[in-house]
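Being a predicted model, the structure only gives us computed values, none of them experimental. Below, chains carry the letters A, B, ... as their sequence lines are ordered, and counting in each starts from 1.
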2 protein chains.
Amino acid sequence: MPITEQDRLAGDDPAAPPEALAGGAHATGATQRSRAKETRRQALLSAAASLFAVNGFNRVSLEDLGAAAGVSGPAVYRHFPGKQAVLGALLLSVSQDLLDGGQSVVAAAGDPASALARLVQFHVDFALSNPDVIRVQDRDFSNLSADDQAQVRALQRSYVELWVDVLAGIHSETDTADLRMRAHATFGLINSTPHSVRNHGRRMAIKSARPLLENMALAALTAPA
Amino acid sequence: MPITEQDRLAGDDPAAPPEALAGGAHATGATQRSRAKETRRQALLSAAASLFAVNGFNRVSLEDLGAAAGVSGPAVYRHFPGKQAVLGALLLSVSQDLLDGGQSVVAAAGDPASALARLVQFHVDFALSNPDVIRVQDRDFSNLSADDQAQVRALQRSYVELWVDVLAGIHSETDTADLRMRAHATFGLINSTPHSVRNHGRRMAIKSARPLLENMALAALTAPA
DNA sequence: CATCACAGTTAATAGAGACTAACCTAAATC
DNA sequence: GATTTAGGTTAGTCTCTATTAACTGTGATG
């Protein structure tokens with residue numbers, strides 16, 4: 001472990017025996033064991049998000065990862081086939097969540113203009129709520145296995161197309177490549193927050209960041225070609 | 001070496017003897033040797049930019065790096081004290097170039113509004129011309145030594161302050177934290193191009209990307225608070 | 001011309017860290 | 001209650017790669 005954090009996330013005392021985890025919040029499995037396992041899995045994913053975000057995939061050892069989830073080293077193999085698979089699970093779930101969220105937002109909206117406004121709100125909210133995974137996604141994508149890369153890319157593509165379709169309903173004259181680039185650039189704008197808004201609150205309050213980002217994003221999206 | 005490129009950058013045949021490099025384009029040193037050395041150093045930095053951008057710092061070995069510059073393995077130590085130092089030299093020079101360029105742009109401009117427009121032009125141009133280093137900078141920053149991190153951060157801070165000062169001349173009522181976040185978000189927007197504009201030209205022509213990005217950036221920067 | 005300096009080379013060295021083996025204990029299961 | 005299952009543990013193994021050592025050949029330098 002380099003030097004940085006690894007506490008703060010494992011809500012439970014790392015030294016506590018596994019049974020202490022059994023009564024955890026979620027985990028809907030039947031047996032006590034399967035619930036404990038699910039909880040541990042979530043702890044590992046959460047630890048991975050934070051550790052990977054801070055140190056980068058390559059500088060987090062399985063030892064670090066296990067320790068942050070209250071377990072040590074090779075125990076990770078009881079939950080994932082390998083280190084790369086942890087990253088895969090993490091990024092696949094993020095991409096899926098973004099896509100699902102985006103789709104339901106669009107489905108709920110009436111006209112394209114309000115759909116776009118809601119999409120922006122949704123994405124800003126997502127980025128401000130999950131800065132860690134956002135960071136990991138655009139820093140450690142290339143550490144995914146080839147298969148996972150393809151799957152994540154497919155999900156991301158769908159998400160982008162969602163935006164492009166909505167944008168096409170507004171800038172009907174503009175060609176798709178242009179709209180796709182607008183979407184990407186807007187993601188870049190919104191996703192910049194993990195860099196500027198520090199976890200330990202140095203820079204700027206999230207509360208005031210939200211409307212500012214929304215306004216900037218909408219302005220950029222509706223700027224003249 | 002994973003699989004990806006390592007040719008295409010070393011303009012000279014990697015198998016060619018060192019003397020072939022002596023007649024290179026730049027390198028103003030006195031003796032033949034010092035010119036060759038400078039050329040090799042540049043080749044290493046250029047190879048590093050490309051390799052790090054594609055594969056990430058950690059998955060490029062010194063062997064790869066040397067090979068891409070027509071030299072092999074430990075020869076890198078004749079030019080840099082270590083792998084980390086190569087990254088340091090690369091990112092320090094980028095940060096310095098951005099700051100220098102930004103300062104001269106602002107110095108040349110009259111009113112704040114035109115200064116801002118020129119800054120945007122400059123930054124867009126920089127990002128489109130050097131997608132590799134942009135990518136490396138925001139992906140592998142944390143692989144720098146502590147000292148280099150501090151230096152790069154200082155340069156970046158100055159660059160941001162340059163933008164904030166110009167922005168303050170326009171949105172005079174807005175507070176600085178807000179303006180700083182605007183600058184960061186705009187960098188995120190503009191720096192998104194390394195992701196969307198692929199080197200091998202899949203996505204969108206650079207030519208049409210430039211004005212689009214400029215318009216989006218300006219719209220975002222001047223959006224209501 | 002003699003000698004030095006120095007960019008390169010190939011062959012160790014060394015440390016890190018992903019993954020595997022062998023065991024252990026307690027919840028499931030019958 | 002006996003037996004299996006499975007999450008954990010600790011102690012290897014094995015590979016990869018940054019760095020160092022020991023040499024070499026050739027362009028400066030006097």
Novice: Using a cut-off of less than 4.0 Å, is there contact between a side-chain N or O of B:T31 and OP1 or OP2 of D:dA28?
Specialist: yes
Novice: Please give, in whole Å, the distance from D:dG8 P to A:E63 CD?
Specialist: 14 Å
Novice: Quick one: sort the B:F187 and B:H184 rings into parallel, tilted or perpendicular, breaks at 30° and 60°.
Specialist: perpendicular
Novice: Can you tell me how far CG of A:L90 sits from CG of A:D148, rounded to the nearest 0.5 angstrom?
Specialist: 11.0 Å
Novice: Any donor-acceptor pair under 3.5 Å linking the side chain of A:S158 with the backbone of A:A154?
Specialist: yes
Novice: Looking only at side chains, do B:Q121 and B:D125 share a donor and an acceptor under 3.5 Å apart?
Specialist: no
Novice: Whole-Å distance between D:dG8 P and A:F80 CZ?
Specialist: 11 Å
Novice: List, with names and distances, any nitrogen or oxygen atoms from the protein found under 3.5 Å away from nitrogen or oxygen atoms belonging to nucleotides 19-22 of chain C.
Specialist:
from   : atom 1 : to    : atom 2 : distance (Å)
C:dC19 : OP2    : A:Y77 : OH     : 3.2
C:dC19 : OP2    : A:K83 : N      : 3.1
C:dC19 : O5'    : A:Y77 : OH     : 2.9

Novice: Is the closest side-chain heavy-atom distance between A:N191 and A:H123 below 4.5 Å?
Specialist: yes
Novice: Please state how far atom CD in B:E38 lies from atom P in C:dA7, giving the value in whole angstrom units.
Specialist: 12 Å
Novice: Would you say B:D64's side chain and B:S61's backbone share a donor-acceptor pair under 3.5 angstrom?
Specialist: yes
Novice: From NZ of A:K37 over to C1' of D:dT5, roughly how many Å is that when rounded to an integer?
Specialist: 11 Å
Novice: Examine D:dG8: is either OP1 or OP2 under 4.0 Å from a nitrogen or oxygen in the side chain of A:R40? Give yes or no.
Specialist: yes
Novice: Between the side chain of A:S104 and the main-chain N/O of A:G101, is any donor-acceptor distance below 3.5 Å?
Specialist: yes
Novice: Between the protein and nucleotides 2-5 of chain C, are there any N/O to N/O pairs under 3.5 Å, and if so, what are the atom names and distances?
Specialist:
from  : atom 1 : to    : atom 2 : distance (Å)
C:dA5 : N3     : B:R33 : NH1    : 3.4

Novice: Can a side-chain donor-acceptor contact be found between A:Q151 and A:S95 if the only test is distance below 3.5 angstrom?
Specialist: no
Novice: Rounded to whole Å, please give me the gap between CZ in B:R59 and P in C:dA18.
Specialist: 14 Å
Novice: Please report the distance, rounded to the nearest Å, between CZ in B:R41 and P in C:dA7.
Specialist: 12 Å
Novice: If I take atom CD in residue A:Q32 and atom P in nucleotide D:dA6, what distance separates them, rounded to the nearest angstrom?
Specialist: 15 Å
Novice: Could you tell me how far apart B:D64 (CG) and D:dC16 (P) are, to the nearest whole angstrom?
Specialist: 13 Å
Novice: May I have all residue pairs that pass ring-ring contact (aromatic ring centres under 6.0 Å, His included) and include part of residues 44-64 of chain A, sequence neighbours excluded?
Specialist: A:F52-A:F57
Novice: OP1, OP2 of D:dA6 versus side-chain N and O of A:H79: anything below 4.0 Å?
Specialist: no
